[in-house]
**Student:** 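Pasting a structure below so you can have a look.
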Amino acid sequence: MNDLGLVIRPMALSDLDRVCEIERNLFAAPWSRTSFEDEVAGGATSASWVVERAGRVIAFMVSWVVADELHIGNLAVDPAMQSGGVATALLEHSLEDAARRGVALAILEVRMSNRKARGLYEKFGFSEAAVRRGYYSDDGEDALVMLRTVGEENEA
Ligand SMILES: CC(C)(COP(=O)(O)OP(=O)(O)OC[C@H]1O[C@@H](n2cnc3c(N)ncnc32)[C@H](O)[C@@H]1OP(=O)(O)O)[C@@H](O)C(=O)NCCC(=O)NCCS
C-alpha cells in the first residue's frame, strides 16, 4: 500500500465488472468487456493494472510491452476519485515495472482536447511526437502521439 492508501496490482477477470463500469462512465465509445478480457489473458506482453482503495477498484491502466516499447492503451480513474494523485501513482508504478522489463520507450495516444490527460503525461516527461488526423472513429477527433524514454528517471 502506498502513502495514499492505494494498492496497485495486475488486472484480473474478477475486476472487470468494476473496470467496465468506470470505462462506461468516462468514455463515449467505451471498450467492450471482451477487449478487457483479451488484455487480462494477454500473457507476457500484457501490462494491465488496477488501483484499489479500501478494497474497491477505483482506476485501471491497460498497456502492452512490445519488444522494448511500452504501449499505453487505456487509463482511467473513477470520476469521484480524480485529481487526487491516483493516475500519477499508477503511471509511476507502470513505468517502474516497464523499466524492470527492459523497456526503453513509452508511447501513447491522447485526444487533442484532453487537457487533463495531456497535463498528466507532460508532468511525466512525455513529449509530443506526431498528430494522427481523425484518429478517433466516434467523432473524428485528432490524436496526439506522445513519447518518453524509460529506464533512467521515472519520477514525476
Ligand atoms: C486523465 C486522468 C487519468 C487523470 O487522473 P487523476 O487521478 O485525476 O490524475 P492525478 O490527480 O494523478 O494528476 C493529475 C495531473 O494531471 C494534470 N492535470 C490535472 N488537471 C489538469 C488540468 N485541468 N489541466 C492540465 N493538466 C491537469 C496535472 O499534471 C496533474 O498533476 P498535479 O496534480 O501534480 O499538478 C483522469 O482525469 C481520467 O480518468 N480522465 C478520463 C479518462 C481519460 O481521459 N483517460 C486518459 C486517456 S489518454
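Order of listing sets the numbers, starting from 1, for every ligand and every atom in it.
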**Student:** Quick one: does M81 get an N or O within less than 3.5 Å of an N or O on ligand 1?
**Tutor:** no
**Student:** Would you verify that at least one protein heavy atom lies under 4.0 Å from atom 35 (O) of ligand 1, or report that none does?
**Tutor:** no
**Student:** Closest approach of D142 and G134, non-hydrogen atoms and distance?
**Tutor:** OD1-N, 2.8 Å
**Student:** Can you tell me how far CH2 of W49 sits from CZ of F60, rounded to the nearest 0.5 angstrom?
**Tutor:** 15.5 Å
**Student:** Go through ligand 1 atom by atom and flag the ones less than 4.0 Å from a non-hydrogen atom of A76.
**Tutor:** 39 (O)
**Student:** Would you mind telling me if ligand 1 is within reach of the side chain of N114, the backbone, both or neither, using heavy atoms under 4.0 Å?
**Tutor:** side chain
**Student:** Among all protein heavy atoms in this structure, tell me which lies nearest to atom 25 (C) of ligand 1, with the distance rounded to 0.1 Å.
**Tutor:** R115 O, 3.4 Å
**Student:** N/O of Y121 under 3.5 Å from N/O of ligand 1, yes or no?
**Tutor:** no
**Student:** Any salt bridge between D139 and R111, counting N to O under 4.0 Å?
**Tutor:** yes
**Student:** Cut-off 3.5 Å, side chains only: do Y135 and E109 have a donor facing an acceptor?
**Tutor:** yes
**Student:** How far is atom 38 (C) of ligand 1 from its nearest protein heavy atom, and which residue and atom is that?
**Tutor:** Q82 NE2, 3.3 Å
**Student:** Do R33 and D17 meet the salt-bridge criterion of a basic N to acidic O distance under 4.0 Å?
**Tutor:** yes
**Student:** For ligand 1, find out whether one of its N or O atoms is nearer than 3.5 Å to an N or O atom of A87.
**Tutor:** yes
**Student:** State whether a side-chain donor-acceptor pair under 3.5 Å links E23 with N74.
**Tutor:** yes
**Student:** Taking atom types as modelled and ignoring hydrogens, do the side chains of W31 and E39 form a donor-acceptor contact shorter than 3.5 angstrom?
**Tutor:** no
**Student:** For the CD atom of E128 and the CE atom of M146, what is their distance to the nearest 0.5 Å?
**Tutor:** 5.5 Å
**Student:** Would G84 count as a polar contact of ligand 1, with the cut-off being nitrogen or oxygen pairs under 3.5 Å?
**Tutor:** yes
**Student:** List the closest protein heavy-atom neighbour of atom 22 (C) of ligand 1: residue, atom name, distance to the nearest 0.1 Å.
**Tutor:** K116 CA, 4.1 Å
**Student:** Is any N or O atom of V77, backbone or side chain, closer than 3.5 Å to an N or O atom of ligand 1?
**Tutor:** yes
**Student:** Is the shortest distance from atom 7 (O) of ligand 1 to a protein heavy atom below 4.0 Å?
**Tutor:** yes
**Student:** Less than 4.0 angstrom from a charged side-chain N to a carboxylate O is my criterion; do R101 and D68 meet it?
**Tutor:** no
**Student:** Suppose I only count heavy atoms of T88 and a 4.0 Å limit; which atoms of ligand 1 are within that range?
**Tutor:** 10 (P), 12 (O), 13 (O)
**Student:** Give yes or no for whether the N/O distance cutoff of 3.5 Å, strictly under, is met between V110 and ligand 1.
**Tutor:** no
**Student:** Rounded to the nearest 0.5 Å, how far does CG of L90 lie from CG of L120?
**Tutor:** 9.5 Å
**Student:** Can you check whether G119 has an N/O within less than 3.5 Å of an N/O in ligand 1?
**Tutor:** yes
**Student:** Need the ligand 1 atom indices (1-based, order shown) with element for anything under 4.0 Å from a heavy-atom of G85.
**Tutor:** 10 (P), 11 (O), 12 (O)
**Student:** Aromatic rings Y121 and F126: how do their planes relate, parallel, tilted or perpendicular, breaks at 30° and 60°?
**Tutor:** perpendicular
**Student:** Looking at non-hydrogen atoms alone, which of L90, L26, I72, V51 comes nearest to atom 41 (C) of ligand 1?
**Tutor:** L26
**Student:** Applying the side-chain contact (heavy atoms from CB on, under 4.5 Å) test to E141, which of R133, R132, M112 qualifies?
**Tutor:** M112
**Student:** Specify the closest pair of heavy atoms between A59 and I22, including all atoms of both residues, with the distance to one decimal.
**Tutor:** N-CD1, 4.0 Å
**Student:** Test your reading of the structure: does K123 have an N or O sitting under 3.5 Å from an N or O of ligand 1?
**Tutor:** yes
**Student:** Could you pull out, from N74, L75, I58, the option with a heavy atom nearest to atom 47 (C) of ligand 1?
**Tutor:** L75
**Student:** Among all the protein's non-hydrogen atoms, which is closest to atom 42 (C) of ligand 1, and how far away is it?
**Tutor:** F27 CZ, 3.5 Å
**Student:** Going by the order shown, which atoms of ligand 1 are within less than 4.0 Å of some heavy atom of V86?
**Tutor:** 7 (O), 12 (O)
